[in-house]
Structures are given as C-alpha cells and as structure tokens.
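All of these numbers come straight from a predicted model, not from anything done at the bench. To find a chain, count down the sequence lines: A is the first, B the second, and so on, and within it residues start at 1.
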Amino acid sequence: MSNEEVARAFREIAALLELKGDSPFHARAYEKAADAIERAGDLVGLAREGRLTEIGGIGKGLADKIGYFLATGTIPMLDELRKEIPKGVVELARIPGLGPGRIRALRESIGIESPEDLQSALAEGRLSGVKGFGPKLLEDLGRALRLWTESRGLRLHRAGRRDAEEVLGALLALGAAEAAIAGDLARWREIVGDLSLVASHPSPSEFLAAAASRFPGSMIEGTTLRFSSASGLPVRVRVVPPSSFGAALALAVASPAHRAALERLAEERSLTLGEDGLLEEGRLLPARDEAALYAALGLPLLPPEIREGSGEIEAALRGPLPGLLVREEIRGAVHVHSAWSDGTASIREMAEKAIALGFEYLAIADHSRSAGYAGGLSIERLLAQGEEARSVAAETAPFRIFHGVESDILANGALDYPDEILEALDFVVSSVHSRFGLSREEQTARLVAAVRNRFTTVLGHPSGRLLLTREPYAFDADAVWDAAAETGTAVELNAHEERLDVDWRELPKLRERGVPIWIGSDAHAPDEMGDLDLAVHIARKGWIGPCAVLNTLPADAFAEAIRRKRR
DNA sequence: GCCGTTTTCGGCCCGACTGTTTTCAGTCG
C-alpha cells in the first residue's frame, strides 16, 4: 500500500468528520496527518518498527489506525462514517458556497440530503425560511447548482484518459488489429463528456460480438459498440476493417467544424466524405492510416489537438504549419512551491527532483504574506528563503535556482510587498486569490495594474476558473492581454489540471500579440513537477510554438528574459 | 486527535469578505 492511499483515506475521514459536525480540529488532525503521511518516507517500514509516532502529527491513536489499515486494508471508522454520511451530502460539499455549517443547517431544518434535494427545495421556495439563507445566497446557490448540473456528466481530461486507456487496452487484448482513442480526448480537450475509440479487425462483426461480451451492459448499433466507462462516461467504439481504419479514426477525431471543413475540401476535389472515408465516383478510397486520408485531400497529417476547425485546414493549404511546442522543449520547472509555504518538500528536495526529471532550472514561487492560510511568507521569511535558495543553488550548479514569489494581487491591483523587496527577487508571479466578485471594470483595472507593475514577471492563473467547479471571474481579457503585450509581461498557462486556467481559445490572441507564455507547474510536491503533458497539449491547441514559451529558454536566456521588464 | 506543556487540558494557521444580521457565522483561499 502506498503513502498516497493511506493519505487519501485520512482525507476522506477528515471531510466526513467535518460534514458530520465534529470538532473542526478533529477533522484537521486527520488532514494534517494526511499531509505528513504523504511526506513521510517508508511508511510500511516505520509501521513495522513501531516508529510511526515519530512522524509529526501522528500520535498513538492515528499510528494504530495506520497500522491496522496497512494490515487489513480497512479503517472501521471510515466505513462507519461512509454509512453515516450519505453520498449526496458529500456531493453537496463540492458546491461552492456550501460548507459544513450550511450543509448541516439544510439537513437539520428541511432534510436536504443531496444536490437534487437542494434543487427541488430551491425551485419550490422551501429555502427562504431557513435561517441564514437570504435572497443573495439563494441566487448564488442557484447559479452554483446550475454549474454542478452541467458538470455532472463531465470529467477532467486525465480522468477521461484513464478510462479510455483501460478500454483501449481491453480492445487490443481482444485481438483488435489496431485501436486508438478518438473524439474530444484525442484532441486534448480539457474536459470530456464521452469517450470515442476506433478499432479495426478483419471481421468487424465478429469482433463486435466478442467486445460486446467483454463490456457489461454494452449494445451494438451497426458498426458501433456502446457502453459505460469505469467512471460512468458513455463510450462508443467504432469497429471497421483495417482498410478503413485511418479514415474512420480521422473522422472520429475531427471536431464537427473540422469535419465540415474536410467535407468542403473533398467537394472541391469532386470527392465525397462519408462515414467510411473518401468516395470517388461511389468507390471507397482505402485509407489505412490517417495520413492517407489527409493526403488524398492534399493536406499534411495535422496534429489531433488542432483539428478544431479554427483555420488549421486553410493554414495547412497555404503552406507548412508553424512548429508546435513539444514537452521535451520545456527546460525549467517554474512556479514551484516548497514547504516554506504550503508545499510538501524543501527547496533542496524540489531541486533534486527537478534535476532527476531533466530540468535545467527551477523557479521557486511560494505564497506571499497575504496568503496566511497557505503559510504565506513574511518579508523576513521571504528573505531567509532567498538565502536558502542561493545556498542550495551553490551546491546544485550548473542546475540553476531562481528565487521569486507568488505575490497576491490586492483588490486595488497592488502587489503585497514593497518595491524594494520585490526588487531583490529574481521574478514575481502575480496572482489573484481573493475578491473574485469585483465588477468587470474593477477586476480588469486590478489585473491591468498588476500586469503593468514593473516587478510582475508573469500573471499567474489569470482567469481564476477552476474547471468543472468555478467559473472565471468577470474581466476584459483583451484589455489584460493588451497590457501584457505592451509591457512585456508573460501570462501563465498553469499546469495544475483544474487550474488550466487560460482557455485554449485565448492562446492565439496571446500569440498574435507576442505575449510570452509561461507554463507554470504550480507544483506543491516533487511528483507534481513533471506533469506538464496536458498543459503542453493545450498550448499546442492554441498553436503555441516553443519560441513563445519562456521556460523553453536555456537558463541564461531565461534569467535575462525575466529581468528585462525592470529596466 | 495531536501537541506541549503552565503535566492533564487548552489551543490548534488566519484574514478578509459576504450576506445576514443588528453583532456574527460561514466560506474561502
């Protein structure tokens, strides 16, 4: 059993205790223990030697629970809590605006046990009598519930990919000649609502029948098998003979707009694009791979992530497409947190991991002093951290460590350290962490002021959206991008999955304005640092090439680039 | 539930905001 599994169980206990209404400190003890467990080394070894209580935050009681969990795989207390707190109540806690207190009030006063209950109570006006629930709160809850409803059948990219890869493996194991992931997932959409795959087999009907018995609850419709994935996403697998695999895959990957553009192009060439591929005078042109289909239309094979119908076909017909960013070109792990604020590891540990991952430099940016909840750094601690960063750097050379901060943007657009302190740092990530509810005008002015600040190197997670959870705050993106272009300020593409905060449709606007991108890992633990795949593919979706990305620069050029604005 | 003692219980990271109150509880980051 891994430390993560134990930590996850403890976090669940903490969440359930909170919902139950136990002392918040009781719940927090489990949360702190979960943090400690993640950071602890060989948990199993420590348990064997009876040394679990040497871990800070683990006392006798928790040590016993860990030992029992490691031995049996269960924690009776957790099982009890799961029985006690209905799933719907846990789901309620995911709705912004609903914390343990309000959920308890809703349960006790009118018996709300799930978001569905809340929805009908809201519709029937049964909430207006509940103490503490005024008109504004009801309005906010209504909005949050709508977002929750819309998000219900959706998954973040990585969750969708996990499911799809499981299906893919099963198809290959069943003897598919070829199989591939298609649909939104293949185009690296950040959110998916269904999964699409294509498989080939010499006898499609035979394979469909075999696959149908492999996936419970599946249905065959023509050449397509439908069922539900592990996490409940609808899956469709199209099965074709090998000679049609390329065409079928290309069609299943294409967005509707891309497909329409392909159809128009086919028409211009007196061809027809049908379900099985290109037809010339009623005769099917074989396309064993996607490149064959594109070639028949006079196109190079386009990367899946740009097949969105946003001008890629026209551009490809005009000439070679610009080179898109690839993961290996990222040389620096930037916007990284350490245990100085709310990260789990020391600067040295983060540096060692970055080196192991093949990075050439690290840009440390812990939380600033306004972020008390995250252990934000006072001026004294920030300066002390700088000392430590330099001393670690002296030992890790030629690997470089840049010392900066993730400074809160205050409501008036100011950063939360005096200029002379910011001056001493290598760079500043300026981010909004509060006051999401400002008016569009106020929020725009705030962001523009932060961008214009000569110490702001990069605007961190600019929109404030949390995928599937929270809408972006209201602001005029064009005005902010203009200010960034004018002042040479970079904009962050945050690699934390929920925080993939700049919509890919905005990226071309940044590219056209010449605004540098910075792919910030926002890592809080060593293991999160290398996880840049999704962000890189989102950058590619926005047609971002390596030149536009600051942390593809070699260390010296990066150092120069992050200082340039201040002169 | 842990921790550190003021050795047997009280404090635990906190500041700002918001809406609902009419002095504060709940949420958020």
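The neighbour count for F399(A) CZ, taken as heavy atoms of other residues, nucleotides or ligands under 6.0 Å away, is above 12.
Protein atom CD1 of I13(A) is 15 Å distant from nucleotide atom C1' of dC2(B), rounded to whole Å. Here the C1' atom of nucleotide dC17(B) and the CG atom of N412(A) are 16 Å apart, to the nearest Å. Between L141(A) atom CG and dG26(B) atom P there is a gap of 15 Å when expressed in whole angstrom units. In this structure, the CG atom of L377(A) is 16 Å from the C1' atom of dG15(B), given to the nearest Å. Between R102(A) atom CZ and dT18(B) atom C1' there is a gap of 8 Å when expressed in whole angstrom units. The distance from atom OH of Y473(A) to atom C1' of dC17(B) is 17 Å, rounded to the nearest whole Å. Distance CD (E18(A)) to P (dT27(B)): 9 Å, rounded to an integer number of Å. Rounded to an integer number of Å, the gap from H367(A) NE2 to dC13(B) P is 17 Å.
When both pairing distances are held under 3.5 Å, dG4(B) makes a Watson-Crick or G-U pair with dC9(B).
For the C1' atoms, the distance linking dC14(B) with dC9(B) amounts to 23 Å, nearest Å. Comparing the same atom, P, in dT21(B) and in dA16(B) gives a spacing of 24 Å after rounding to whole Å. Comparing dT22(B) with dG11(B), their P atoms sit 28 Å apart, to the nearest whole Å. The C1' atoms of dT8(B) and dC17(B) are separated by 39 Å, rounded to the nearest whole Å. Here, dG4(B) and dG15(B) have their C1' atoms 26 Å apart, quoted to the whole Å. One C1' atom belongs to dC12(B), the other to dT5(B), and the distance between them is 14 Å to the nearest Å. dG26(B) and dT20(B): their P atoms are spaced 14 Å apart (whole Å).
Residue-level contact check: G375(A) touches neither bases nor backbone, having no heavy atom under 4.0 Å from any strand. As judged by a 4.0 angstrom heavy-atom cut-off over every strand, G56(A) is placed among residues touching the sugar-phosphate backbone only.
Closest to the R435(A) side chain, of the nucleotides dG1(B), dG19(B), dT18(B), is dT18(B). Checking dC12(B), dT20(B), dG1(B) against the side-chain heavy atoms of A29(A) singles out dG1(B) as nearest. Listed candidates were dG1(B), dC28(B), dC13(B). Nearest to the side chain of K65(A) is dG1(B). Candidate nucleotides dC13(B), dG1(B), dT20(B) were compared by shortest atom distance to the side chain of P135(A), and dT20(B) ranks first. You'll find that the side chain of F25(A) is closest to dG1(B), out of dT20(B), dC13(B), dG1(B).
Closest-nucleotide positions on DNA chain B for K131(A) and S434(A) were compared, and the one nearer the 5' end corresponds to K131(A). Comparing I103(A) and G132(A) by the nucleotide of DNA chain B whose heavy atom lies nearest to each, the residue mapping closer to the 5' end is G132(A).
Test F427(A), F359(A), Y361(A) against F558(A) for ring pair (Phe, Tyr, Trp, His ring centres under 6.0 Å) and you get one pass: Y361(A).
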>> If you apply the rule side-chain contact (heavy atoms from CB on, under 4.5 Å), what do you find for D35(A) with T344(A), and how did you get there?
In response: CA-CA 8 Å; D35(A) 288 341; T344(A) 64; 6.0 Å; no
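With respect to the salt-bridge test (charged N to carboxylate O, under 4.0 angstrom), the residues R465(A) and E190(A) qualify. Taking 4.0 Å as the cut-off between side-chain N and carboxylate O, R94(A) and E91(A) count as a salt-bridged pair.
Looking only at distances, a side-chain donor or acceptor of H524(A) sits under 3.5 Å from a matching main-chain atom of D522(A).
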